[in-house]
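Have a look at the structure below before the remarks.
For reference, positions follow the sequence shown, starting with 1. When a ligand or atom number is given, it counts from 1 through the structure's own listing order.
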Amino acid sequence: MDARERLEQQRDETRRRLAGLTGTYEAVVAASYDSNADDEHDPEGATIAFERSQVGALIRQAREGLAEISAALERVEAGTYGVCERCGQQISEGRLEARPVARLCIDCASRV
Ligand SMILES: [Zn+2]
């Protein structure tokens, strides 16, 4: 599997995850409207608020992941994919397999 296929696959997975999370988020928000407005004295209200912030954080992560994946796909187009942005060395294939959106080689990444 080449870099583009790997990135496209990861993008599709992330999109699916994001769609699922968005659905969950909307369900949680809807549930919080249905529940008693008296959150402070309602243990269920507090749980819903907690779930909402958890799901919100996961959605942010997924969106950031998608942005990284599109940036990596642009690098594939530009022919600069897999080249370390700091030292200009080729990033190892093993690292790109584990982390297709990597911008730095393992040496530079460990120095950050
Ligand atoms: Zn480097």
* Asked: So if you build clusters from Ile, Leu, Val, Met, Phe, Trp, Tyr with side-chain heavy-atom gaps below 4.5 Å, do L7 and L104 land together?
  -> no
Taken in chain and number order and not counting sequence neighbours, the residues that satisfy side-chain hydrogen bond (donor to acceptor under 3.5 Å, both in side chains) with E85 are R103
Contacts of E51 meeting salt bridge (charged side-chain N to carboxylate O under 4.0 Å, His left out) (sequence neighbours excluded), chain-then-number -> none
Across all chains, not counting sequence neighbours, the salt bridge (charged side-chain N to carboxylate O under 4.0 Å, His left out) partners of R63 are none
Closest heavy-atom pair, Q90 versus Y81, reported as atoms and distance to 0.1 Å, is NE2-O, 4.4 Å
Near the Zn ion (ligand 1) (protein N/O/S, cut-off 2.8 Å, waters excluded) we have C84 SG, C87 SG, C105 SG, C108 SG
Practice task
Kindly work out whether a path of hydrophobic side-chain contacts (I/L/V/M/F/W/Y, heavy atoms less than 4.5 Å apart) joins L21 to I69.
Solution key: no
